[in-house]
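Report on the structure given below.
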Amino acid sequence: MNTEHWTKAELRARLLAWYDANARALPWRVGPAERARGVRPDPYRVWLSEVMLQQTTVAVVRRYFARFTELWPRVEDLAAASEAQVMAEWAGLGYYARARNLHACARIVAEAGGRFPSTREGLEKLPGIGPYTAAAIAAIAHDAPEAVVDGNVERVMARLHAVEEPLPKAKPRLAAHAAALVSPHRPGDFAQAMMDLGATVCTPRAPACGRCPLAFACAARASGLARELPRRAAKTPKPRRRGIAYVARRAGDGAWLLERRPPRGLLGGTLGWPVSEWTEGDAPAPAPPLAAEWSDAGARVRHTFTHFHLELEVFVTLAAPGVEPRRGSFVPAEAFRAEALPSLMRKVHAVAREHPAIAAVS
DNA sequence: TATTCGTGGCG
DNA sequence: TCGCCAAGAAT
């Protein structure tokens, strides 16, 4: 029983009208005006942007998206790259399983003629494409009438309907609300409008209800709850772990000792400095990757991951030219780029490079 | 169903 | 300094 004095059609119309006037200009987006003229976005660019945007802010994705599409303008180009190249370019973006899945997905699609599936069901079979991303590509690239439910949409729905149940338990309810609203006429624009609204107006901390095209229908607005919703289940505190990072340069040619991490798990598949185990209680056991005189670089590296804090001691050494490392391999100085390392490892590099034993080399 | 997976910006 | 959170997926 709908006891509201507004209809879903009216709500859709208000949102789309707002989007027509306020859509963000994004490099991977075909705006509402162009779209009205029949222009459709390139599914490859939609896919690439959506994967990058998973749990990641637009500001950061802009830079990476520009670089990726410059290097690899088509899915076949990305498929032809090596996984190491893709990992190096992804470095700093986080959630590195995305990069591995991105590359695997590109090879599957390229092998299949370079065409992405056009349905949500087909898309969801590909690595790295889950329910959200499949629906987003289907709606945005193909105008399929799919409900696209991300964090923004969940927040908008929680407020619009004053859903008090905390996340993540409320997810099915919020998804149902979103599904009931999907525009049958402009599904792609509707999906992007919902996300723009969440990103620029119905924001987490300080919603700008005065500028919201849906304020007239918003239950949370009416009851003064907008800022409180959506509620979330209490989070468990992050433990603190400690470890040691080892930065070795080779005397003479200045090569750096780096190690590729195992393909799964934390920072899986990325390039980095050899490290000890990371422990919570006891001090970490030393685990130098080669026999040498190691010096404490002094400054500690602090870094916070999704579920723990880490503090790393940094040890450095200048290794003799003929030394054989127990782990990792030497990368020539001219081939080394700190930008190809994940953020944690960049921080280690920034500390190590200040030490005389490291700085003195070439 | 609950964990595990990065990072940077902001209040 | 610190907790919160962002266009989630995989296991």
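Below, read A as the first sequence line, B as the second, and so on, with proteins coming before strands; counting in each chain starts at 1.
Residue contacts shown for A:S343 are limited to sugar-phosphate atoms, with no base heavy atom under 4.0 Å away. A:I137 comes within contact range of no nucleotide atom at all, as no heavy-atom separation falls under 4.0 Å. Residue A:G92 is in sugar-phosphate contact alone, with no base atom involved, counting any heavy-atom pair closer than 4.0 Å across all strands shown. A:S49 comes within 4.0 angstrom of no nucleic acid atom, judged by non-hydrogen atoms across all strands. Residue A:W28 is classed as a base contact, given a heavy-atom separation below 4.0 Å to a base. Contact annotation for A:K238: no contact, since no heavy-atom pair falls under 4.0 Å across all strands.
A:Y132 and A:E50 are linked by a side-chain donor-acceptor pair at a separation below 3.5 angstrom, with hydrogens and angles left out of the test. Between the side chains of A:H303 and A:K347, at least one donor N or O lies within less than 3.5 Å of an accepting N or O.
At distances below 3.5 Å, at least one donor-acceptor pair connects side-chain atoms of A:T56 with backbone N or O atoms of A:Q54.
Taking atom OH of A:Y95 as the reference point, atom P of C:dA9 lies 12 Å away to the nearest angstrom. To the nearest angstrom, P of C:dA6 lies 8 Å from CD of A:Q55. Atom CZ of A:R155 is separated from atom P of C:dC4 by 16 Å (rounded to the nearest Å). With rounding to whole Å, A:D150 atom CG is found 9 Å from C:dA6 atom P. One interatomic measurement links the two molecules: NE2 of A:H309 to C1' of C:dC2, which rounds to 8 Å at whole-angstrom precision. We find that CG of A:L93 is positioned 18 Å from P of C:dA6, with the value rounded to whole Å. One can place CD of A:E154 at 12 Å from C1' of C:dA6, the figure rounded to the nearest angstrom. Per the geometry, NE2 belonging to A:H307 stands 19 Å off P belonging to C:dG8, to the nearest Å.
Looking at A:R35 and A:D143, a side-chain N of the basic residue comes within less than 4.0 Å of a carboxylate O on the acidic one, giving a salt bridge.
Of the residues A:R242, A:R240, A:R302, the one that meets the salt bridge (Lys or Arg N to Asp or Glu O under 4.0 Å) test with A:E311 is A:R302.
Taking only side-chain nitrogens and oxygens, A:R205 never comes nearer than 4.0 Å to OP1 or OP2 of C:dA6.
Side-chain proximity of A:R240 to C:dA6, C:dA9, C:dC2: nearest is C:dC2. Out of C:dT11, C:dG3, C:dG8, the shortest distance to the side chain of A:R264 is found at C:dT11.
Separation of the P atoms belonging to B:dG6 and C:dT11 is 14 Å when rounded to the nearest angstrom.
Ring-centre distance between A:F336 and A:W273: below the 6.0 Å cut-off. Not less than 6.0 angstrom separates the ring centroid of A:F68 from the ring centroid of A:F65.
Evaluation of the side-chain hydrogen bond (donor to acceptor under 3.5 Å, both in side chains) test over residues 78-93 of chain A, restricted to residues two or more places apart or in two chains, returns A:R67-A:E89, A:S82-A:Q85.
Protein chain A contacts DNA chain B over a range whose 5' and 3' limits, counting nucleotides with an atom under 4.0 angstrom from a non-hydrogen atom, are B:dT4 to B:dG8.
Positionally, the nearest nucleotide of DNA chain C for A:R302 lies more toward the 5' end than for the other of A:T57 and A:R302. The 5' end of DNA chain C is approached more closely, in terms of each residue's nearest nucleotide, by A:V58 than by the other of A:V58 and A:I129.
Residues A:V86 and A:H103 approach most closely at CG2-CD2, 3.7 Å, considering heavy atoms.
Shown for residues 156-177 of chain A: no residue has heavy atoms falling under 4.0 angstrom of DNA chain C.
Both the sub-6.0 Å distance and the 45° axial angle are not jointly satisfied by A:R12 relative to the ring of A:F190.
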